[in-house]
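Reading through the structure tokens given below for one structure.
So you know, we letter chains A, B, ... as the sequences are listed, proteins then strands, and number each from 1.
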Number of protein chains: 2
Amino acid sequence: MDGLPERDASSVARSGKVGNDRKMEKLEDSIWAHCSSSSVRRASRQLGQLYDDAMGLTDLRGTQFSLLTQIGYLQEPTQKELARAMVMDLSALGHTLKPLIRDDLVELVPDENDRRAKRVRLTATGSAKQAELVANWREAQRRFDAVLGAERSAELRRTLSFIASEDFAKAYEAAGKTAD
Amino acid sequence: MDGLPERDASSVARSGKVGNDRKMEKLEDSIWAHCSSSSVRRASRQLGQLYDDAMGLTDLRGTQFSLLTQIGYLQEPTQKELARAMVMDLSALGHTLKPLIRDDLVELVPDENDRRAKRVRLTATGSAKQAELVANWREAQRRFDAVLGAERSAELRRTLSFIASEDFAKAYEAAGKTAD
DNA sequence: CAAATATAGTGGCATATACCTGTAAATTCC
DNA sequence: GGAATTTACAGGTATATGCCACTATATTTG
């Protein structure tokens, strides 16, 4: 589950160990050059750091800002709905909401029709904080588009959106059954 | 830092709250449809779950498998080199290696020339475990390519590879200075 | 050569994430 | 209508990740 990041070439050459294991090198070329999951994860780590830095976040993480935004957009979603939108495990979402609730940015309110469910709402403080950071995000995103280019950026988003969709998950699961 | 995942449309429609805040909806359309960082993160969460499931991992996480693979490929990298290849914070890497070291899949050995540095090595157990899971990964990746298509899959990897690169990070930082 | 600066790693702290278990509530089935 | 099944959430556990502070070591500077 690993590719051949270009930056590794210098490390390999520097360590002078290339000749030691030709078999491993060959496997890497044919197998690991193609692992999409770890590719996406590496990009995610990179962007997470760059965006946080560019947005100048001090008391919030980029992921928390993303959560606040989605909550505002979905207009008091249930935790289940929110987790689904964030492509997150429900339990993980619950944990992740804790500091936001603690800091009075978010509050949970009972659903009117289903006693099992709780709805997630931005507090006034939460709304203000979210609005405050919009310009920061704009700047971070501007840089991304500047480097990657508008067209490539849009194409990437389309592909990622599809990957994050339930349709993709369904098709992926189905692809497993077909090969059985 | 959030886009408009297609799956949200049904939630919005169902909640019957679309009309309540036209201003927010408009902002979302023009701003949040474009956030690349959270797009990548959502895809990462999705693939993380799908790959782990498809690989049938029980005692290892996909991320750990990825680490083992990279260690094997880099041939006793220093922790610093490994962190760089994984696009991870060095401290985070140290933490993440802990369970692998604890379970005798990985060991740290002093560098011969620099007393500050430690090299990361696969143990025999670690190598065996890594080799054991190659077929599982192959299956997981096959499904991905089947759903997304080989061409689109390759294009995505190229883009993600660039994003995860140091060149991208440099250009991103430079884009911030230009606008100042 | 010694001081200043940079680097590699360690541990702490806090958020991020997912699987698991259990409970209460809602829905489905007979 | 009652039993069986499914659903939403809470809490626990463990890995994942990044910033921070600090120490030891290496490199650079004057």
Considering just the side-chain nitrogens and oxygens of [X], establish if one lies under 4.0 Å of OP1 or OP2 belonging to [N].
{"X": "K118(B)", "N": "dG9(C)", "result": "no"}
{"X": "R116(B)", "N": "dG9(C)", "result": "no"}
{"X": "Q79(B)", "N": "dT10(C)", "result": "yes"}
{"X": "K98(B)", "N": "dA14(D)", "result": "no"}

inquiry  = Considering every strand and a 4.0 Å limit on heavy-atom distances, what is the contact class for D114(B): base, sugar-phosphate, or nothing?
reply    = sugar-phosphate
Give a yes or no on whether a donor-acceptor pair under 3.5 Å exists between the nucleobase atoms of [N], that is its base, and the side chain of [X].
{"X": "R115(B)", "N": "dT25(D)", "value": "no"}
{"X": "S91(A)", "N": "dC9(D)", "value": "no"}
{"X": "R61(B)", "N": "dT15(D)", "value": "no"}

[X] [atom1] - [N] [atom2] separation (whole Å):
{"X": "L50(A)", "N": "dC19(D)", "atom1": "CG", "atom2": "P", "value": "10 Å"}
{"X": "D89(B)", "N": "dT7(C)", "atom1": "CG", "atom2": "P", "value": "15 Å"}
{"X": "E112(B)", "N": "dA26(D)", "atom1": "CD", "atom2": "P", "value": "14 Å"}
{"X": "L57(B)", "N": "dT15(D)", "atom1": "CG", "atom2": "C1'", "value": "13 Å"}
{"X": "Q49(B)", "N": "dA16(D)", "atom1": "CD", "atom2": "C1'", "value": "14 Å"}
{"X": "L97(B)", "N": "dT10(C)", "atom1": "CG", "atom2": "P", "value": "9 Å"}
{"X": "R45(A)", "N": "dC19(D)", "atom1": "CZ", "atom2": "C1'", "value": "16 Å"}
{"X": "L93(A)", "N": "dC19(C)", "atom1": "CG", "atom2": "C1'", "value": "15 Å"}

ask   = E155(A) and side-chain hydrogen bond (donor to acceptor under 3.5 Å, both in side chains): which partner among R152(A), R157(A), R158(A)?
value = R158(A)
query = How many angstroms lie between atom CG of L122(B) and atom NZ of K129(B), to the nearest 0.5 angstrom?
reply = 13.0 Å
Distance (rounded to the nearest 0.5 Å) between L93(A) CG and K98(A) NZ = 10.0 Å
request  = Name the residue closer to the 5' end of DNA chain D, choosing between S44(A) and A92(A) according to the nucleotide with the nearest heavy atom.
outcome  = A92(A)
query = Heavy atoms, side chains only, cut-off 4.5 Å: are R42(B) and Q46(B) in contact?
reply = no
note = Regarding the side chain of T63(A), the nearest nucleotide among dA8(C), dA16(C), dG11(D) is dA16(C)
request  = Check whether any side-chain N or O of D145(B) sits under 3.5 Å from a backbone N or O of A150(B) as a donor-acceptor pair, and report yes or no.
outcome  = no
